[in-house]
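As structure tokens, the structure follows; a few thoughts come after it.
Remember, predicted model here, so these are calculated numbers, not experimental data. First the proteins, then the strands, lettered A, B, ... as listed; each starts at 1.
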Amino acid sequence: MEYLSHLNQNQRDAASYIDGPLMVIAGAGSGKTRVLTYRVAHLIKQGVDPFNILALTFTNKAAKEMKERITKIIGSNEGQNIWMGTFHSIFARILRTEHEKIGYPRNFTIYDTQDSRNLVKTIVKEMNLDDKIYKPAGVLSRISSAKSNLISAQAYLKNAEIASDDRMSNRPKIGEIYLTYQKRCFKAGAMDFDDLLFKTNVLLKDHPDVLLSYQHKFKHILVDEYQDTNFSQYLIVKKLAATHENLCVVGDDAQSIYAFRGANIQNILNFKRDYPDYKLFKLEQNYRSTKVIVNAANSIIAKNQDQIKKNVWTSNAEGNRIKVIKALTDNEEGNVIAQNIFSTIQNEQARNDEFAILYRTNAQSRSFEEALRKRNVPYKIYGGLSFYQRKEVKDLLAYFRLTANHNDEEALKRIINFPKRGIGKTSIDKAIVVANEAGVTLWDVITTPENYALALNTGTRNKLGEFTTMIKSFATKLTSAPAYELAHEIASSCGILKEFYADKTPEGISKYENLQELLNGIKEFSEPKNDDDQIIPLGDFLIDVALLTDADNENPEEKNKVTLMTIHASKGLEFPYVYIVGLEENLFPSQMSLNTRSELEEERRLFYVALTRAEKTAVLSYATSRYRWGNLITCEPSRFIEEIDPSFLDVETAGPSSKSTRKQEVFGFGKSSASANQSTKVAPAPKPSNLKKVTSSIGTTTISDVAVGNNVSHERFGKGKVINIEGDLPNQKATVFFPSVGQKQLLLKFAKLVVLD
DNA sequence: AACAACGGGCTTTTT
DNA sequence: GCCCGTTGTT
């Protein structure tokens, strides 16, 4: 029990409360992961078999690290046997074992977002719908949110409320698209991310024996980041835990930042209802950050209405105040921040990897990259195009996928003519039409074209024959050959390696190297880990690879570099020096989140997450203008800066270009008038300081022009009619009815309404 | 069928 | 400003 002395009283109580349901509400930096780690270690020390422990984490990386730490604590390799991973990877594994029960092939494909989008797009086209209205990404997000709430396509079509929503948004056919999409996925032996959870629910619901066996197996269940689980995940956990009720969920409502993709804070509140005799533990002591950072973060999150009250505190040092930097442009922002990092490294002998630049959107990284490169400060970027999303990598993976699952239509379409083998678009389109009409898969049609009325010349038929023969020959080795061997054979004989090897442009060389790296990755993966010398087949790799993210993909050369990432990606991490950049209205908070209070509160939680990543020093920055889609737009500082108690802030302006105006550039953080709008008194352009005008990227609207009864137009919602206006000037709020989406409350200063009459 | 040129839309966030 | 997909050209 010696190891438990590494915990404080609350942590220890939570870690050692073994029987029955418990919820741990853990403030930022309060040692949540520590509790989970020690709890699992404790269970094992108490004699629980690791095979009977299910621990669901938010990322694979978190799972991997936790396993390593547990292994250290318990001093044996037993920890590797815990069922620990993301919801998606754990249940993909289970579905693979139980595939017959739900009618899927063992080697089912996991469609990534791009595959799903392509399929939706194909269906929209086949239904002769306008893809400007039925945008694939939009349709897919609708389908995704239905699945996260366990609404099947059939249920979707029957649901009057949903139907009315879709009619209001002028997209009444989404239900039909959903139904076709599901049929096509099934026919292709493919599941998208949401299906992995949806089908798990189906499996557990329709097969009581299967449910029973997993209930029996998982005697102890732990769920990390519980605030970010959706309904589908909630129900899986509830079912699996029903027998033993040894369920431990850990989370922080203040750090819930995935509601936009269906996460439901309600799950935390439901816990009480589902397990009335549950035990609640609160971890409130922060070990990560200075007093200034903890209290500043508290002062921000206090503005949210929806939250579980807690009192996060720290006994750490006071620390420096949070610096606020104003820059004139996005490029200047990059330079000032890079310079600040550079000189901090010099002055405080800090290491590069102690710094992180956090932003709201990936698109913001550019100016920081350039500025850091100029100063020779090494950096690494997370997000953007991940390794597995690169074209060449996806191409080779498509060969693997098609080998493992011939019905994988998205993979087939991707590679049937790459490298070029003279099977053109027209031929493929014909084959797809035939396949749809006959109700068979594309693979069926191209392997036995003679069975279907497929009007192709013999040349094309021969080429199809060569292609399918090649894939079939790969498939014969699926189970007999280790992953690496087969992967290597496919890569060399399908022509893809040759294709890129021949390309001596820098891009071509890099693509060739990426393919080599993919093969190396497979080699590492297929090296037997235990002594039992079992062959690890390519199919196993494919399941794994579909669920990897770039966070899981860290390579050792990336050490000691400044980190650039989105705030979402930074969840769970910590850095001594944190820069939160681009703090501007419409960027952070995002323009898309200004319509409802709950969306705005999620943005605020996001800011809370960002700030609480910092251990020693936090710096905030914004630019007064930046390029967006090639246009220079004017920006206003984010309301979040104002919302921090000013006593924690150190406001200054920096950068060479503002020297002459430094004296006057004091930022007005007064509490009066929520004037996030105009602050500079020395604005270069003639701007009225009385807040009447609102400058924005798209034209200029004078607030006073909008009146009740006006017909107006909104960027997103289209035409509407103003029903009511209330509030005082800078914060006037209008109630507008849009035929497309219904009634909306809009803040005039942000809504960019255009008066039509 | 293969390639070059052009134009549109886009930026939230990710398993 | 950039990427993607569509169009036009050979």
Review point. A:Ser593 pairs by side-chain hydrogen bond (donor to acceptor under 3.5 Å, both in side chains) with which of A:Glu602, A:Glu601, A:Arg604, A:Glu603?
Key: A:Glu603
Study note, to complete from the structure: Picking from B:dT13, B:dG9, B:dT15, the nucleotide nearest the side-chain atoms of A:Lys132 would be B:dG9
Practice item. Measure the distance from CG on A:Asn586 to P on B:dC10 and round it to the nearest whole Å. Key: 17 Å
Revision key, fill the gap. Out of B:dA1, C:dC4, B:dT13, minimum distance to the side chain of A:Ser427 belongs to B:dA1
Point to revise | Proximal nucleotide (of B:dT13, B:dT11, B:dA2) relative to the A:Lys420 side chain | key: B:dA2
Review point. Within the structure shown, what part of the strands sits under 4.0 Å from A:Lys147 by heavy-atom distance: base, sugar-phosphate, or nothing?
Key: nothing
Check your understanding: Given B:dT13, is OP1 or OP2 found less than 4.0 Å from the side-chain N or O atoms of A:Ser570?
Key -> no
Review point. Can you check the A:Gln591 CD to B:dT11 C1' distance for me, whole Å?
Key: 10 Å
**Study point:** Rounded distance (Å) that lies between atom C1' of B:dT13 and atom CD1 of A:Ile381
**Key:** 17 Å
Check your understanding: Starting at the 5' end of DNA chain B and moving along, which residue's nearest nucleotide shows up first, A:Arg261 or A:Arg421?
Key -> A:Arg421
**Study point:** Ring-face cation contact, A:Tyr258 with A:Arg261, 6.0 Å cut, 45° max
**Key:** yes
Check your understanding: So, is A:Asn60 close to the B:dT15 phosphate, meaning a side-chain N or O under 4.0 Å from OP1 or OP2?
Key -> no
Review point. If you look at every strand shown and take non-hydrogen atoms under 4.0 Å, does A:Asn631 touch a base, only sugar-phosphate, or nothing?
Key: nothing
Check your understanding: Would A:Asp306 and A:Arg597 pass as an ion pair if we require N to O under 4.0 Å?
Key -> yes
Practice item. Describe the nucleic acid contact of A:Lys121 in one word from base, sugar-phosphate, nothing, applying a heavy-atom distance below 4.0 Å. Key: sugar-phosphate
Check your understanding: Starting at the 5' end of DNA chain B and moving along, which residue's nearest nucleotide shows up first, A:Ser590 or A:Phe193?
Key -> A:Ser590
Check your understanding: In terms of side-chain geometry, is the basic nitrogen of A:Arg96 or A:Asp540 positioned less than 4.0 Å from the acidic oxygen of its partner?
Key -> yes
Exercise for review: Determine: side-chain N/O of A:Lys125 to OP1/OP2 of C:dG5, distance under 4.0 Å, yes or no.
Suggested key: no
Review point. Starting at CZ of A:Phe58 and ending at P of B:dT14, how long is that distance when rounded to a whole Å?
Key: 10 Å
Exercise for review: Return the value, rounded to whole Å, for the distance between atom CD of A:Glu603 and atom P of B:dT13.
Suggested key: 11 Å
Point to revise | Nucleotide B:dG9, atom P - distance to CZ of A:Arg628 in whole Å | key: 16 Å
Point to revise | ring pair (Phe, Tyr, Trp, His ring centres under 6.0 Å) evaluation trace for A:Tyr226 with A:Phe58 | key: CA-CA 9 Å; A:Tyr226 195 62; A:Phe58 195 68; over 10 Å; no
Exercise for review: Please answer whether B:dC10 and A:Trp629 are stacked, defined here as ring centres separated by less than 5.5 Å and planes angled under 30°.
Suggested key: yes
Review point. So, the side chain of A:Glu585 versus the backbone of A:Cys635: is there a donor-acceptor pair under 3.5 Å, distance only?
Key: no
Review point. What is the distance, rounded to the nearest whole Å, between atom CZ of A:Phe260 and atom P of B:dT11?
Key: 13 Å
Review point. Do NZ/NE/NH1/NH2 and the carboxylate oxygens of A:Arg366 and A:Glu369 come within less than 4.0 Å?
Key: no
**Study point:** Given B:dT11, B:dT14, C:dG5, the nucleotide with the shortest approach to the side chain of A:Ala363
**Key:** B:dT11
Check your understanding: Between A:Thr426 and B:dA1, is there a side-chain N or O to OP1/OP2 distance below 4.0 Å?
Key -> yes
Practice item. Would you indicate, yes or no, if B:dT14 has its OP1 or OP2 atom less than 4.0 angstrom from a side-chain nitrogen or oxygen of A:Lys571? Key: no
Point to revise | Per-pair stack call A:Tyr258 and B:dT13, 5.5 Å, 30° | key: no
Exercise for review: For nucleotides C:dT6 and B:dT11, find the distance between their C1' atoms and express it as a whole number of Å.
Suggested key: 22 Å
Check your understanding: Base, sugar-phosphate alone, or nothing: which one does A:Ser148 contact when heavy atoms must sit under 4.0 Å apart?
Key -> nothing
Review point. Taking only side-chain nitrogens and oxygens of A:Lys135, does any of them come within less than 4.0 Å of OP1 or OP2 of B:dG9?
Key: no
Exercise for review: Please report, rounded to the nearest Å, how far the P atom of B:dC10 is from the CZ atom of A:Arg117.
Suggested key: 11 Å
Exercise for review: Please determine if a side-chain N or O atom of A:Thr113 lies less than 4.0 Å away from the OP1 or OP2 oxygen of B:dT14.
Suggested key: no
